[in-house]
Every structure is written in C-alpha cells, then in structure tokens.
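Have a look at the structure below before the remarks.
Residue numbers begin at 1 in each chain, while the letters A, B, ... track the order of the sequences.
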There are 2 protein chains.
Amino acid sequence: MITKNKQLSSGLEDYLETIYIAHIKKQPLKGAELARQLNISRASVSEALSKLVAKKLIKYDSYKEISITEEGKEQAIKIYNKHNALKHFFEEIIGVEKKEAEENACKIEHIISQNVFDKISDFTQFCRENPEIINKYKKLK
Amino acid sequence: MITKNKQLSSGLEDYLETIYIAHIKKQPLKGAELARQLNISRASVSEALSKLVAKKLIKYDSYKEISITEEGKEQAIKIYNKHNALKHFFEEIIGVEKKEAEENACKIEHIISQNVFDKISDFTQFCRENPEIINKYKKLK
DNA sequence: ACAAATTGTTAGGTTTGCCTTACACTCATG
DNA sequence: CATGAGTGTAAGGCAAACCTAACAATTTGT
C-alpha cells in the first residue's frame, strides 16, 4: 500500500495556485481555461486535476467549474504568500523590475523553506517601517 | 543538426559546481567520489559526465581525475557565486541558520536570474557597510 | 604479479510531466 | 433540437534523470 504524498510538485503547486487565484477573483475556471492560462495542453491539465482531486485539494466534475477545498486553500495560500513576499522583497527592497520580480518569485516560491520565507517577510516589513534604509540604499544606485 | 544547448539543468549545474569546488580545494576527484558526494549512483554520474564532456565544460578519461575547462570554470563560478551570495544574505542579513541557509541556497542558485542575484549581492554589501541596520533589525527579534 | 577493491559502463527499468492525436461528451445557439 | 464549438480524456509517445544489476577495466596492496 502506497501512502499518498502530501508534498506537491512545482507543477501541481502552479495548478493549485492558479485555481486559488481564480477562486479569490471569483472567476469561474474550467480545465480548458486553466490550460490556456498555464500554457499547457488540456490533456496534461486533465491528468493534473485528477491528482489534485485524489489529494482532496480541489473538487472537480467534468464540464463543471473547478472548486478548491479548505485543505486546498490552506496549501494554496502558503504558496501564494511566498510568491507575494518574494515579489515584494524583490521589487520594494532590492529594486528589481516588476516583470523580473514576478518571474523569479514564480520559480522560487516552490522551493524556498517556510522559515526563510518568514524571515524575508519580516525583513521586508522592517524595511517598510524604516524607510530611510531603502532611501539611503537607492541613493547609492 | 541539433545545436547544443548552453543552458544547464539543475542537475548538471550541481555536478559542475561540485567539480569546481574540488578543483579549488585541489582535491582529486573521480566519478565514484563525485557519486558519493552527491549521493547519486555511479551509473548516473557516468552519464552526466559524458554530457559535461560533450559540452566541453570538463575533461575526463575513465579512471583518471576529472578536470574542469576554462569554459566550465566560468559557468561554475557563476553558480558558485550565486550560491554564496544567497547563503550570505540568508545568514548575515535575515538571520537564517547555517544549515538552512545552505539548503535554500543550493536550490535557489539554479533558478534565480543573474540580475536578481546581482541586486541581492549589492544589498548585502550595503548592509555590511551599514551595520547599524542589521543591529537594529536583530534587536527587534 | 596477482587477487581484491575500486571504478566505470551498459542495459534495462521507473517515474514524472509533458506532448499529440483522436475521439467522446456537453453546451449553446440558430 | 441539431449541429458546431468547446471541453475532457484515453492512448501512446518522448525526454530527462534517476535507479539496479551485471560486467568490464583499472588500480592497489601484499
């Protein structure tokens, strides 16, 4: 008997995150639309959705809209928070352009540890509360 | 005719980085030792070395020591610098423990863009030159 | 110098995640 | 209510990166 793995692959995290964002924005989402957004074939999306259903992170009936479970939301929020924390840090603190900040965040969000993420968040918050730091830093550039 | 891809996979970057570090430390390195260090089978290492040889990043004759080419060094240094910059940032600036800093750096080094890496380095340098920032930050924790 | 240990390679397998093709099912609109 | 557009999925493939097992080649130690 194979015990189901709780840890998601980068790919599944991307699917789940996209589903979560659509949920937040109250945008109905079917498999085909998800495939378009992620630029992946409908067939691959179909497989991935089965896996997420098996892990009880989403609910899905063919031809209906995808919905996310409470457990799915919990996981998605963690990823999404990492994404945002990284993006903000890159943009606000070290001065990376929006697009590049986004791209790097998208990749790093899947591999960074919870603790490092927490520390980056804390540090970003600290810099916001002490804007003279960033002002000084920007002056040097 | 297929043009050879210059961009290395994460895996090949790890092999190359390890080879480079052994080179720096002047430690002789054979395939079997590399396999031990990376905790990967000798068979897989054998395949990987062939790829690195094909890309002219290393030189290797069976049963001899692996050596790294100039081009290999260039690539390895880029990766190694990213690794170090990330590790230092994690440890010195945001206060992550050595082991965790190392682990995160090992993964992120393969996916972070050159520009984000440069900015993280710059920011780390800035914090070193202004130690009151980190002192203040640490006081809050 | 020869046996034992080490090192390297080959062959064949597994897994993951993607693909295309082809077909089936459903929906929506004239 | 039929048909075309949209959606879903099964089958079969491919490539990457790993594995084990078995064997071959080399090196080492006595």
Side-chain angles (χ1 to χ4, degrees), chain A residues 1-19 22-23 27-55 57-68 75-76 79 106-107 109-111, chain B residues 1-19 22-23 27-55 57-68 75 79 106-111:
Chain A
M1 174 63 177
I2 297 145
T3 310
K4 253 168 255 164
N5 191 354
K6 200 92 183 202
Q7 181 73 8
L8 298 181
S9 65
S10 286
L12 287 188
E13 285 192 352
D14 279 331
Y15 293 110
L16 189 62
E17 193 180 6
T18 306
I19 292 165
H23 165 78
Q27 288 170 348
L29 186 67
K30 292 183 181 181
E33 175 56 23
L34 184 52
R36 268 174 239 121
Q37 287 187 26
L38 294 174
N39 210 13
I40 278 171
S41 73
R42 292 200 313 275
S44 298
V45 167
S46 180
E47 283 173 37
L49 292 181
S50 303
K51 290 183 194 167
L52 291 175
V53 166
K55 290 171 188 289
L57 301 174
I58 63 167
K59 283 189 186 160
Y60 179 54
D61 296 305
S62 298
Y63 307 101
K64 303 270 176 60
E65 285 166 24
I66 303 163
S67 70
I68 190 162
Q75 293 229 18
I79 304 159
C106 266
K107 291 182 284 182
E109 66 187 12
H110 302 298
I111 59 180
Chain B
M1 177 63 177
I2 295 144
T3 311
K4 253 167 255 164
N5 193 355
K6 200 93 182 201
Q7 181 73 10
L8 299 182
S9 66
S10 287
L12 287 188
E13 285 192 352
D14 280 330
Y15 293 109
L16 188 62
E17 194 180 5
T18 306
I19 292 164
H23 165 79
Q27 288 171 346
L29 186 67
K30 292 184 182 180
E33 175 57 24
L34 184 52
R36 268 174 238 121
Q37 287 188 26
L38 294 175
N39 210 12
I40 279 170
S41 72
R42 290 199 317 272
S44 298
V45 167
S46 180
E47 284 173 36
L49 292 181
S50 303
K51 289 182 194 167
L52 291 174
V53 167
K55 290 172 189 288
L57 301 174
I58 63 168
K59 283 189 186 160
Y60 179 54
D61 297 304
S62 299
Y63 307 99
K64 302 272 177 60
E65 286 166 23
I66 303 163
S67 69
I68 189 162
Q75 293 229 19
I79 305 158
C106 266
K107 291 182 284 182
I108 297 173
E109 66 187 12
H110 303 297
I111 59 180

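- Note: CD (Glu13(B)) to P (dA16(D)) measures 16 Å, nearest angstrom.
- Contact annotation for Ala43(A): base contact, defined as any heavy-atom pair under 4.0 Å involving a base atom.
- When each of Ala48(B) and Asp61(A) is assigned the nucleotide of DNA chain D bearing its nearest heavy atom, the one mapping closer to the 5' terminus is Asp61(A).
- Taking only side-chain nitrogens and oxygens, Arg36(A) comes nearer than 4.0 Å to OP1 or OP2 of dT7(D).
- Taking the side chain as every heavy atom from C-beta outward, Ile58(B) and Tyr15(B) never approach each other to under 4.5 Å.
- An OP1 or OP2 oxygen of dC18(D) is reached within less than 4.0 angstrom by no side-chain nitrogen or oxygen of Ser41(B).
- Dashed line: the shortest gap from a side-chain N or O of Lys30(A) to OP1 or OP2 of dC27(C) is not under 4.0 Å.
- Contacts of Ser50(A) with the nucleic acid, taken as non-hydrogen atoms under 4.0 Å apart, are absent.
- In this entry the distance linking OH of Tyr60(A) with P of dT26(C) reads 12 Å, nearest Å.
- Across all strands shown, Gly11(B) has no heavy atoms under 4.0 Å from either base or sugar-phosphate atoms.
- To the nearest angstrom, C1' of dT7(C) lies 11 Å from CD1 of Ile66(B).
- Classification of Lys30(A) and Glu33(A) as a salt-bridged pair fails, no side-chain N sitting under 4.0 Å from a carboxylate O.
- An OP1 or OP2 oxygen of dT9(C) is reached within less than 4.0 angstrom by a side-chain nitrogen or oxygen of Ser46(B).
- Taking the side chain as every heavy atom from C-beta outward, Leu52(A) and Ile66(A) never approach each other to under 4.5 Å.
- Atoms NZ (Lys51(A)) and P (dT9(D)) sit 14 Å apart, rounded to a whole Å.
- What separates OH of Tyr63(B) from C1' of dA5(C) is a distance of 12 Å, to the nearest Å.
- Among the protein residues, Ile40(A) comes within range of the sugar-phosphate backbone only, with heavy atoms under 4.0 Å from sugar or phosphate atoms but none that close to a base.
- Between Tyr15(A) atom OH and dG8(D) atom C1' there is a gap of 14 Å when expressed in whole angstrom units.
- In this structure, Asp14(A) and Glu109(A) have side chains that are in contact, with non-hydrogen atoms separated by less than 4.5 Å.
- Spacing between atom CZ of Arg42(B) and atom P of dT6(C) amounts to 10 Å, rounded to whole angstrom units.
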- Task: Report the C-alpha distance between Leu34(A) and Ile40(A) in whole Å, list the side-chain angles of each, state the deciding distance to 0.1 Å, and finish with yes or no for side chain to side chain contact (heavy atoms under 4.5 Å, CB included).
- Result: CA-CA 8 Å; Leu34(A) 184 52; Ile40(A) 278 171; over 6 Å; no
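- The residue Glu33(A) sits apart from the nucleic acid: no heavy atom pair falls under 4.0 Å.
- Of the side-chain N and O atoms in Ser62(B), one or more sit less than 4.0 angstrom from OP1 or OP2 of dT9(C).
- Counting to the nearest Å, the P atom of dG12(C) and the CD atom of Glu47(B) are 14 Å from each other.
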